[in-house]
Amino acid sequence: MNKTLSLQKRLIIFGFPMLIIGLMIMISKSTVFDKHPMSLSTGITFDLLLTVPLIYFLLIRKTSIPKTTVVPFLIIGIVICSIILPAQNQHYLNLFKTWVFPIVELSIVSYVIYNVSKAIKRYRLNKHEEIDFFTALKNTCYEILPKRLVIPVVTEIAVFYYGFINWKRRKFNKNEFTYHKDSGTVALLIVIIFIIAIETIVLHVLLQKWNVTVAWGLTFLSIYSGIQLLGFLKSIYKRPISIKNEKLFLRYGIMNETTIDLKDIESVEISSKDIELNKETRKLSFLGELENHNVIIRLKEENELTGLYGIKRKYKNLALHVDKKNEFRNQINNALQH
């Protein structure tokens, strides 16, 4: 079957489930519903939570649309049921939200983790080669999730993975270069995390006297911010800059990254001089001017820098910090000569 979906096919795939959803909403607003609220509420619940996702799944099962897109239809069904059905007739909806939906969520997460594990094994060329988890995670999620959900999901999983799971010491190959040892970024992030921890405790104590809900809400946000910073910090240790397969992989943890074909490099300069940042000249570090650089890479043509949550920016000159700057430049120059 041709994987490329025609407009007509897409209208059928998405239009038919939406038609059923619209019909259920109309029934809930009708006079018939007022006469038989209990039985019709049960029917609407089962149609929105089971029939619609099942029909959608059957329509997409032989297409290139990820099967995990069934989940948004489940969520839509839950939200609509919660809005259109009277509270006293939401018994089956509450059962679904309590027992079924958490299992669906857990299954999706397990499915993603399983596929990431398979991807890592597939990408491993030999037992000595380090695999970049973040890249494998992105590639896998692009295969099984809707494109718009990939970057947010990948970012959240990566933050948790680097922050709490990956504690193994990273060994670097000759073609890999660190950028955190002399830059001062690690110290800065540690200080910020420490400040957040202190401020969270102080604010929680003060706000609890005024409003307990607000106090715990801000505390949760602060803890979440601290967890994200911890994940960002540890990803710097785990994602080195690397040169392989005639490409230069520039990474700044999970915050920024770009891939450059070596043939597109015009020059690699060892320089710590201040430069003006603009649409053509950018820094690899997400901290921008707060972090010093010691290398400037100039390209023959524009390239793309990808930041957090998939934000993309064009550049032609890129400033960055590399711990072994001379060795880094020599490897690139040697690769360009071959």
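Residue numbers count from 1 along this sequence.
- Taking the six-membered ring where the residue is Trp, Y224 and F220 present parallel rings, their angle staying beneath 30° rather than reaching 60°.
- If you take NZ on K244 and CZ on F249, they are separated by 6.0 Å, rounding to the nearest 0.5 Å.
- Side chain to side chain, H36 and D34 fail the donor-acceptor criterion of an N or O pair below 3.5 Å.
- Side-chain atoms of Y56 and T69 form a donor-acceptor pair, as typed in the model, at a separation below 3.5 Å.
- In this structure, the side chain of S267 does not engage the main chain of E269 through any donor-acceptor pair within 3.5 Å.
- Judged by distance alone, with hydrogens and angles left aside, the side-chain atoms of N89 form no donor-acceptor pair with the main-chain N or O of L85 at under 3.5 Å.
- The existence of a salt bridge linking R239 and E176 is excluded, since no basic side-chain nitrogen approaches an acidic carboxylate oxygen closer than 4.0 Å.
- Side chain to side chain, Y92 and S41 fail the donor-acceptor criterion of an N or O pair below 3.5 Å.
- How far NZ of K247 is from CG of D261: 3.5 Å, rounded to the nearest 0.5 Å.
- Using cut-offs of 30° and 60° for the angle between ring planes, the F328 and F177 rings count as perpendicular.
- Here the rule is side chain to side chain contact (heavy atoms under 4.5 Å, CB included) with E291, and of Y252, F286, Y179 only Y252 fits it.
- Under a 4.5 Å side-chain heavy-atom criterion applied to ILVMFWY residues, the cluster that includes L277 comprises I275, I296 as well.
- Looking only at atom types and distance, the side chain of N294 has no donor-acceptor partner in the side chain of S272 under 3.5 Å away.
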